Amino acid sequence: MQIYNTLSKRKENFVPIEEGKVRMYVCGPTVYNLIHIGNARPMIVFDTVRRYMEYKGYDVNYVSNFTDVDDKIIKAALEEGVDTSVISERYIEECKKDMASLNVKPATTHPKATEEIPGMLEMIQNLIDKDFAYVAEDGTVYFRTRRFKEYGKLSHKNLDDLQGGMRNLLVSGEDQKEDPLDFVLWKPKKEGEPYWESPWCDGRPGWHIECSVMSKKYLGDEIDIHAGGEDLVFPHHENEIAQSEAANGKTFSHYWMHNAFLNIDNKKMSKSLGNFFTVRDILEKYDAQVLRFFFLSAHYRSQLNFSADLMEAAKNSLDRILTCAERARDAIKVAPETAMSAEEEAMVKEAEAFRSKYEEAMEDDFNTADAISAIFELVKFMNTNITESSSKAFDEALYKELFELSDICGLILEKKEETLDEEIEKLIEERQAARKEKNFARADEIRALLLDKGIVLEDTREGVKWKRA
Ligand code: AMP
Ligand code: ZN
């Protein structure tokens with residue numbers, strides 16, 4: 001299996017630290033709002049990496065954090081006049097709902113920064129003891145970047161170039177730094193902000209330290225894969241490497257994987273630019289699988305421009321797979337229960353080529369676009385060869401292929417039942433109640449109201465049924 005490693009800027013053979021096991025850490029979202037579909041890209045991409053690894057028999061320990069203390073969360077809490085934990089807990093729950101809709105498996109562990117403060121204090125103290133960190137007069141603890149000789153190795157930046165750029169970027173309060181390149185590990189509290197006690201000052205952690213600490217605690221000093229969006233390469237992941245390797249004296253992560261951006265009009269989709277759609281916005285219009293399919297249709301290292309046309313194309317393509325699956329299921333129900341003919345057996349063997357193609361694509365740095373092409377070849381094969389006379393065993397064998405290959409991509413072979421929105425459901429219930437009370441005038445009124453909304457009701461012996469007009 002080949003993985004493109006940001007560290008070496010090339011594809012490398014994947015060799016796990018421990019045979020049969022993968023230790024993987026994916027930087028998760030900062031929870032102050034509903035996630036947007038750009039945030040969903042790493043979730044879907046790395047969930048697919050995980051699913052493929054599991055399919056290959058690896059035992060994957062998958063850790064993904066929630067950043068639940070940060071300036072934006074604090075700001076949102078102040079605006080609502082609530083505790084920061086109210087904001088973060090709310091959006092962690094909402095994020096988990098979105099992940100479930102997108103069929104992203106829950107991580108083995110989803111640590112939260114605020115629950116890992118003791119580990120952070122310990123690592124910061126360790127860095128101070130080793131002279132990799134120092135305490136400024138106001139109690140801020142900084143990482144001494146230049147002392148970590150390999151700084152810049154992930155982002156392929158040169159320290160002196162960085163220094164030039166950074167000198168102008170110093171913000172107020174940072175003048176106690178020894179060097180503009182140094183970054184914050186711990187900072188003093190400000191009025192009205194959450195804080196924790198520490199040997200240096202009451203305060204809170206800088207952003208980068210949480211991932212170094214959570215990765216160490218749940219996966220160990222040395223891990224196989226560390227992943228996230230490409231905006232995290234610098235400074236976040238560069239700083240994580242500096243902290244972890246300085247503290248633990250070991251290579252932090254062997255492979256670094258980064259997904260490219262989801263753009264809109266060729267600009268990164270982001271909350272700060274305001275050019276975003278939340279996952280919820282998209283779910284109003286599409287089945288969540290369409291979004292999953294949309295992302296996997298492209299290679300994870302290619303920039304992707306979001307557009308309504310591309311979503312429609314994704315919907316139609318996915319539909320072809322789902323229709324094929326539905327047809328196969330129908331065929332299985334009525335197929336003759338005879339043994340597979342020799343010809344059918346040969347065809348099942350022939351169909352194995354699609355799986356090989358699929359695997360080859362996935363093993364080439366998770367080329368899901370090509371893997372999906374292999375699924376389409378299988379779909380075409382099934383559409384041609386599953387007939388009224390094909391045996392049940394044959395139909396089932398091909399269906400199983402389609403099921404398994406789709407499942408690795410997290411695609412479910414069921415069309416989602418169309419659901420009614422809550423308001424309409426309430427009206428239907430109210431009409432039922434009116435009929436029970438023999439208030440036929442109201443029942444008819446509601447029927448007319450629903451018709452205006454394009455919903456036709458039919459009273460049948462099995463109860464009330466609806467369809468779109
Ligand atoms: P954040 O909440 O901004 O820290 O982002 C959570 C994850 O989403 C990180 O891995 C980011 O790199 C990733 N991310 C944010 N915006 C985008 C985008 N437009 N396209 C792809 N990934 C993104
Ligand atoms: Zn991180």
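Treat the numbers as computed from the prediction; the structure is a model and nothing was measured. Computation of the quantities below employed the complete heavy-atom set of this structure, encompassing side-chain atoms and omitting hydrogens, waters and symmetry-equivalent molecules. Both counts, for ligands and for their atoms, begin at 1 and track the order of listing.
For atom 19 (N) of ligand 1, the nearest non-hydrogen atom of the protein is Met269 O, 2.8 Å. For atom 13 (C) of ligand 1, the nearest protein heavy atom (residue, atom name, distance) is Pro42 CG, 3.7 Å. Remark: minimum distance from atom 10 (O) of ligand 1 to any protein heavy atom is reached at Gly229 N, 3.0 Å. At the shortest separation from atom 11 (C) of ligand 1 among protein heavy atoms lies Asp231 OD1, 3.5 Å.
For ligand 1, the polar-atom distance check against Glu230 finds no nitrogen or oxygen pair separated by under 3.5 Å. In terms of polar-atom proximity, defined here as any N/O pair under 3.5 Å, Arg41 makes no such contact with ligand 1. For ligand 1, the polar-atom distance check finds no N/O of Leu232 at less than 3.5 Å from any of the ligand's N/O atoms. Note: an N/O pair closer than 3.5 Å links Leu262 and ligand 1 by distance alone.
With a 4.0 Å heavy-atom cut-off, ligand 1 is reached by the backbone of Asn39 and by its side chain too. The parts of Thr30 lying near ligand 1 are both backbone and side chain, judged by heavy-atom distances below 4.0 Å. The proximity of His36 to ligand 1, defined as any non-hydrogen pair under 4.0 Å, is limited to the side chain. Contacts with ligand 1 closer than 4.0 Å are made by backbone heavy atoms (N, CA, C, O) of Ala260 only, the side chain lying farther away. Only the side chain of Asn259 comes within contact range of ligand 1, with a heavy atom under 4.0 Å; no backbone atom does.
Using a 4.5 Å heavy-atom cutoff, the side chains of Pro205 and Leu185 are not in contact.
Remark: aromatic rings of Tyr151 and Phe148 are distant, center separation not under 6.0 Å.
Here the angle at the Zn ion (ligand 2) defined by OE2 in Glu240 and SG in Cys27 stands at 100°, rounded to 10 degrees.
A side-chain N or O of Glu12 and one of Asn5 form a donor-acceptor pair less than 3.5 Å apart. Between the side chains of His226 and Glu240, at least one donor N or O lies within less than 3.5 Å of an accepting N or O. For the residue pair Lys21 and Asn61, no side-chain donor N or O sits within less than 3.5 Å of a side-chain acceptor on the partner.
For the atom pair Thr67 OG1 and His236 NE2, the distance stands at 6.5 Å (nearest 0.5 Å). The NE2 atom of His36 lies 4.0 Å from the CG atom of Asn39; values are rounded to the nearest 0.5 Å.
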